Amino acid sequence: RSSLITVSIVVVDSNDNAPVFDPAAYSVLVAESVSVGTAIVTVTCTDRDSDANETLTFSISSGNTANAFNVSEDGSIQVKTALDADVTDYYLLAVVCRDSGALSLSATAVVGIR
């Protein structure tokens with residue numbers, strides 16, 4: 001006697017690839033008269049995983065003197081407050097890209113703003 005059974009196997013992605021910035025360093029020249037809300041650069045980050053493991057979020061982890069900039073969901077960095085070169089003439093931001101895996105992985109890019 002024999003039986004037949006159908007077995008479904010679902011292969012899910014493991015979070016085995018860290019995000020990658022390309023390039024890993026950016027340099028931007030900005031006039032101090034730039035309007036608040038202006039996007040000055042977009043950082044590019046990708047992840048070779050799939051599903052939630054490839055969903056990326058961005059944050060600025062350091063160098064954001066006087067909270068002058070913010071980064072949006074797409075990696076666009078905008079001017080958040082009026083800039084004054086007499087107070088701060090150079091910013092070196094560390095921008096983190098983190099995936100949404102259960103054990104999340106991240107990458108960091110540097111953004112120099114003068």
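Treat the numbers as computed from the prediction; the structure is a model and nothing was measured.
Phe21 places none of its side-chain heavy atoms less than 4.5 Å from the side chain of Val96. Proximity of Glu73 to Thr57: side-chain heavy atoms (C-beta onward) are nowhere separated by under 4.5 Å. Side-chain contact between Ile77 and Val43: present, with at least one pair of heavy atoms (C-beta onward) separated by less than 4.5 Å. Counting heavy atoms from C-beta outward, Gln78 and Thr38 have side chains that stay 4.5 Å or more apart. Proximity of Val71 to Ser76: side-chain heavy atoms (C-beta onward) are nowhere separated by under 4.5 Å. Leu93 places a side-chain heavy atom less than 4.5 Å from the side chain of Ile113.
Distance check: Asp13 CG to Asp49 CG gives 4.5 Å after rounding to the nearest 0.5 Å. For the atom pair CD (Glu32) and OG1 (Thr88), the distance works out to 11.0 Å, reported to the nearest 0.5 Å. The distance from atom OH of Tyr26 to atom OG1 of Thr42, rounded to the nearest 0.5 Å, is 8.5 Å. Atom OG in Ser59 sits 11.5 Å away from atom CG in Asn70 (nearest 0.5 Å). Taking CG from Asp16 and CG from Leu103, the interatomic distance works out to 12.0 Å, rounded to the nearest 0.5 Å.
Every residue two or more places apart in sequence or in another chain was checked for a side-chain contact (heavy atoms from CB on, under 4.5 Å) with Val20, and none qualifies. Tyr91 pairs by the ring pair (Phe, Tyr, Trp, His ring centres under 6.0 Å) definition with Phe69, not counting sequence neighbours.
Closest heavy-atom contact between Asp84 and Asp86: OD1-N, 2.9 Å. Of all heavy-atom pairs between Phe58 and Val95, the closest is CD2-CG1, 4.3 Å.
Within the structure, every pair that satisfies the side-chain hydrogen bond (donor to acceptor under 3.5 Å, both in side chains) test and touches residues 97-114, not counting sequence neighbours, is listed here: Asn15-Asp99, Arg98-Ser104.
Tracing side-chain contacts under 4.5 Å through hydrophobic residues (I, L, V, M, F, W, Y), one never reaches Leu29 starting from Val111; they form parts of separate clusters. Side-chain heavy atoms closer than 4.5 Å link hydrophobic residues (I, L, V, M, F, W, Y) into clusters, and following such links, possibly through other members, connects Ile60 to Val28.
With 3.5 Å as the limit, one finds no donor-acceptor pair spanning the side chains of Asp47 and Asn17.
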side-chain contact (heavy atoms from CB on, under 4.5 Å) evaluation trace for Thr81 with Asn67: CA-CA 7 Å; Thr81 61; Asn67 206 20; 5.7 Å; no
